[in-house]
Structure formats: C-alpha cells, structure tokens
Amino acid sequence: MTSDLYTWIYLPGQSQPVVAGKLTISATPAGNAGIFVYGKSYLSNPDALPIDPVSLPLRGNINHISSFNGYPGAILDACPDRWGIKVITRLRGEQDFPSGYLLLNDPGRSGCLAFSDSALSPPQELSSREFSLTQLMHAAESVENNQPVEEELLRALHPGTGGARPKCNLIDDDAVWIAKFPSSSDSPLISIPRLEHAAMTLARACGINAAETKIKVVGGKDVCLVRRFDRMVSNGNISRFGYLSARTVFYGDAGFERFKTGSYSRLARWLPRYGSDNSAAGELFRRMVFNCAIRNTDDHEINHGLVFDPARGYVLAPAFDVVPQPGSHRIHQHALLIGDSAAGTIDNLLFAHQSFGLSKEEAAAIINAVSTSVRAKWQEIFYECGFGDEEIHRLEHCFRPIPSSQGNQ
Ligand SMILES: Nc1ncnc2c1ncn2[C@@H]1O[C@H](COP(=O)(O)OP(=O)(O)O)[C@@H](O)[C@H]1O
Ligand SMILES: [Mg+2]
C-alpha cells in the first residue's frame with residue numbers, strides 16, 4: 001500500500017504556496033519507507049529553495065527516507081505535537097499520524113510547508129474569524145478539561161504549532177506571536193508563562209539571542225507571548241520562512257541513527273552545513289551554559305532549531321521554550337548531551353569546547369561570564385517581571401552556581 005503527500009512551499013514573500021515535490025510512503029514488511037522527489041517544474045523555478053539543504057538538496061534524484069517511518073525530518077517539523085494533535089482530534093477526530101495532521105493545513109505550523117493529496121489541489125488552509133485572547137484562553141482550557149468548544153474557536157487556536165503546552169497564535173504589534181497559556185497540569189505555586197517570560201528576559205540580558213516575549217494578563221491569568229521568528233508581517237501580508245528542528249539536523253547525519261543521542265556539540269558541528277557562520281557555535285555554547293545555569297533541563301532536540309534567512313541560509317533560530325525546571329538534585333541531567341554526558345557541570349561544559357570552535361580558555365571565560373551574569377541579574381529581572389519574594393525564594397535552587405564536577409561542588 002502506498003500514499004502520496006504533495007509537499008508545497010511558501011517561498012519568501014509569497015502569499016500562495018507552490019508545489020515543491022511528492023513524498024510517497026510505502027508499507028513494507030520492515031515498516032514504512034519514504035521516497036521524496038522534487039517536481040520538475042519546481043526544479044526549473046529560479047526561486048526554488050530546498051526544503052532541507054542537507055538531507056534534501058535541490059536535485060532531480062530519488063531520496064530514500066528510512067527514519068521516522070519514511071517521513072523526512074523537515075516535513076515532520078511542520079507537524080503539530082501533543083497540543084495540536086489534541087485540538088485537531090477534537091475538530092476532526094483522530095487522524096493517521098502524521099499524514100492526517102499534515103494534510104490539515106493550519107497556518108500556525110512551523111516553517112513554510114503545506115500539504116495536499118494531489119498536485120492539482122492546493123492545500124486548503126484552516127481559517128476562522130478573529131477571537132479575543134480571553135475567548136482563546138477559555139477555549140484552550142475547555143480543550144484541556146474535555147469541555148465542549150465551538151468549532152470555529154478550535155480552528156482559531158491554530159493547532160498546527162508544535163509543543164505540548166496549550167497555545168494559540170495571534171497578530172499583535174505587526175508581528176505574529178505564539179501565546180502560551182497556563183496549563184491545568186502546572187504547579188499551582190508558580191505561574192509558568194511568567195516564569196518563561198522571566199527566563200527569556202534573563203537570557204537576553206545575558207547576551208543570548210532569545211525570541212522576544214511579553215506577558216498579557218487575561219482574566220487574572222498570565223499568558224506568555226513569544227514573537228515568531230519564522231513569520232514576518234509587512235503591509236498586512238504574512239511571509240513564512242523555513243524551519244528545521246535540531247532533530248532534523250541530527251538525522252541529517254546518516255550515522256546518527258545508530259546512536260540517537262543528540263548533543264549540543266553535534267548541533268554546533270553541523271550548523272555550518274546549513275548556512276550558519278562561526279558565531280553560531282559560540283552562541284549555542286552560551287545557550288548550553290545558560291541552560292545549565294538556570295536548570296533548564298527541557299532542552300531537547302525540538303526545543304532548538306534553524307530558521308531560513310534569505311540572505312544567509314538556515315541559521316540558528318533565536319532561543320525559545322527556555323524555562324527553569326524545578327528539582328532539587330545537586331547535578332541536573334539535560335535532554336541533550338552537554339559534553340560526554342548529560343550532566344550540567346563545569347567540567348562537562350568544558351569537555352567538547354573544540355566542537356564550538358573555542359579554546360578551553362575561551363570556553364571557561366564564557367562559562368564564567370554567563371554564570372556570573374545569571375547570578376547577578378536573575379533576582380532583579382524576576383522582580384521586574386512581576387514575581388514576589390515568595391516565588392523568588394522558591395526558585396533560588398534553580399540558580400545555584402553550576403557544580404564544578406560530578407564528584408564535588
Ligand atoms: N518564537 C518562535 N518562532 C517560531 N516558532 C517557534 C517559536 N517558539 C516556538 N516555536 C515552535 O513552536 C513549537 C512549540 O513551542 P514551545 O515554546 O516549544 O512550546 P511547548 O512549551 O509547548 O513545548 C516549537 O517546537 C517550535 O517548533
Ligand atoms: Mg517545546
């Protein structure tokens with residue numbers, strides 16, 4: 001049995017997608033296998049861009065895909081995650097994963113791809129009228145609590161955006177934002193959207209290129225707005241830019257499948273193949289140190305990504321989803337390997353300095369600068385972001401000095 005998924009792309013500045021290629025998924029006794037081919041007309045389009053410059057360069061050959069059940073990582077990056085799947089299931093019932101969720105073309109999805117089941121039928125975009133943030137937040141709460149929600153409101157949540165937290169998309173100040181709501185699974189002791197805003201503000205204050213955030217208080221609840229880096233609004237038109245997660249970068253290396261252990265240093269080494277310059281590896285090193293310094297252990301392979309910049313290619317996207325994770329262990333284990341293990345220690349941070357193009361001394365200087373800056377600034381920034389003494393006290397353990405090694409403090 002085979003099925004075809006026509007892959008369309010919004011080229012930079014274009015409001016309509018063009019068909020780029022076709023993914024054919026075949027069921028085999030060894031599981032699904034995928035074949036991706038670019039269309040001839042796309043290959044002759046002078047503006048054509050590859051959907052992934054490393055794994056799927058613009059060529060007329062057949063690309064065999066064995067990872068992810070036959071789906072290229074770049075296509076999976078356009079698929080909603082736990083939250084979007086929940087909303088779409090409420091809207092249309094359970095779909096085949098991922099094809100059913102990809103064929104439901106929501107403009108909230110990451111990047112610039114869209115899908116249809118025929119080259120002659122362009123993707124149908126999910127649309128809705130506008131709702132207030134209050135209505136959208138209540139709709140998201142009802143989805144979480146399995147209460148009824150009007151269908152148009154479900155569409156207005158823009159379920160295409162990834163991640164597990166309840167969210168929607170909205171336009172504000174001539175930009176597209178992801179609005180991240182409180183979740184019924186959050187600790188009642190601290191506002192997680194406000195914590196995300198404070199951590200992202202601290203990251204920017206420590207010299208990290210983190211996406212812009214702001215807090216909106218809706219009906220007494222905090223909502224964290226994160227400015228989208230893969231959308232640009234000009235003259236009322238929204239342009240979309242390609243997005244690739246670090247997961248897709250990792251699987252771009254044929255050897256990765258055997259190990260399946262993502263690491264910051266692997267990401268740093270692969271960045272130049274996509275278009276990033278040398279400064280990106282240094283920026284990534286700084287983010288890794290920052291994540292250790294604030295105990296953001298949810299730094300997994302889909303919480304890092306690359307965004308297409310027409311002048312440079314795929315560059316390291318601004319940091320997002322940076323949130324301290326409570327836990328009173330002395331040594332925190334990160335989702336990506338830090339050095340030769342996942343432990344957030346100074347020794348481990350120094351371990352792979354060469355992968356980031358840094359000498360040991362340069363790496364040590366960055367560790368010192370970032371951790372000193374975090375410790376000097378976090379309380380003031382968290383107060384400015386609206387936290388009180390009680391919350392600051394509760395968060396203190398997240399900001400202790402980074403332990404020097406596994407053995408001693
Ligand atoms: N500022 C942003 N611009 C564009 N895409 C983003 C941005 N922030 C997050 N995303 C995309 O949305 C997904 C979900 O966002 P994230 O903040 O990670 O939510 P969650 O807390 O639910 O994991 C990410 O995996 C990424 O693909
Ligand atoms: Mg996330």
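Along the sequence shown, residues are numbered consecutively beginning with 1. For ligands, and for the atoms within them, numbers begin at 1 and follow the listed sequence.
- By the 30° and 60° cut-offs, the orientation of the rings of Y251 relative to F68 is tilted.
- Only the side chain of A211 comes within 4.0 Å of ligand 1, judged by heavy-atom distances.
- The distance from ligand 1 to the heavy atoms of V226 drops below 4.0 Å at these ligand atoms: 1 (N).
- Look at R287 and D299 and you find no salt bridge, because none of the NZ, NE, NH1 or NH2 atoms lies under 4.0 Å from a carboxylate O.
- The nearest protein atom to atom 10 (N) of ligand 1, hydrogens excluded, is given as I178 CD1, 3.6 Å; this is a heavy-atom distance.
- Taking the centre of each ring, H304 and Y264 come in below the 6.0 Å mark.
- In terms of protein heavy-atom proximity, atom 20 (P) of ligand 1 is closest to D321 OD2, 3.5 Å.
- Protein heavy atom in closest approach to atom 12 (O) of ligand 1: T161 CG2, 3.6 Å.
- Taking the charged nitrogens against the carboxylate oxygens, K216 and D172 do have a contact shorter than 4.0 Å, which makes a salt bridge.
- Taking the ring axis of W83 as reference, the NZ or CZ atom of K180 does not stay both within 45° of it and closer than 6.0 Å to the ring centre.
- A salt bridge does not link D106 to R155: none of the charged nitrogens lies less than 4.0 Å from a carboxylate oxygen.
- The protein heavy-atom contact nearest to atom 25 (O) of ligand 1 is I302 O, 3.2 Å.
- Remark: R266 engages D253 in a salt bridge, criterion side-chain N to carboxylate O under 4.0 Å.
- For D77 and R109, the salt-bridge test fails: no basic side-chain N is under 4.0 Å from an acidic carboxylate O.
- Compare W177, F229, F320 by their heavy atoms: the one nearest to atom 5 (N) of ligand 1 is in F229.
- Protein heavy atom nearest atom 1 (N) of ligand 1, with residue, atom name and distance: R227 O, 2.8 Å.
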Evaluate the side-chain contact (heavy atoms from CB on, under 4.5 Å) criterion for residues W378 and E396: first the C-alpha distance (whole Å), next the side-chain angles of each, then the deciding distance (0.1 Å), finally the verdict.
CA-CA 10 Å; W378 82 269; E396 242 154 21; 3.9 Å; yes
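- Taking distance alone, with nitrogen or oxygen atoms compared against 3.5 Å, K167 approaches ligand 1 more closely than that limit.
- Counting protein heavy atoms only, atom 4 (C) of ligand 1 is closest to D230 OD1, 3.3 Å.
- Of all N, O or S atoms in D321, the one lying closest to the Mg ion (ligand 2) is OD2.
- At a heavy-atom cutoff of 4.0 Å, ligand 1 is contacted by the side chain of Y243 but not by its backbone.
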Evaluate F250 against F256 for ring-ring contact (aromatic ring centres under 6.0 Å, His included), listing each step before the verdict.
CA-CA 6 Å; F250 293 151; F256 180 73; 5.3 Å; yes
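- With hydrogens left out, the protein atom closest to atom 27 (O) of ligand 1 is S110 OG, 3.0 Å, a heavy atom.
- Near A164, the atoms of ligand 1 lying under 4.0 angstrom from a non-hydrogen atom of the residue are 20 (P), 22 (O), 23 (O).
- Between Y38 and Y42, the ring planes are parallel. Angles under 30° get that label, and only those over 60° would be called perpendicular.
- Polar contact check, E196 against ligand 1: no nitrogen or oxygen pair lies under 3.5 Å apart.
- Residue G163 approaches ligand 1 through these ligand atoms, each under 4.0 Å from one of its heavy atoms: 14 (C), 20 (P), 22 (O), 23 (O).
- The pair E151-R129 does not meet the salt-bridge criterion, since no charged nitrogen lies less than 4.0 angstrom from a carboxylate oxygen.
- Per-residue contacts place R165 under 4.0 angstrom from the following atoms of ligand 1 (heavy atoms of the residue considered): 21 (O), 22 (O).
- At the top of the distance list for atom 21 (O) of ligand 1, counting protein heavy atoms only, stands K180 NZ, 2.8 Å.
- Contact annotation for N303 and ligand 1: only side-chain heavy atoms (C-beta onward) come within less than 4.0 Å of the ligand.
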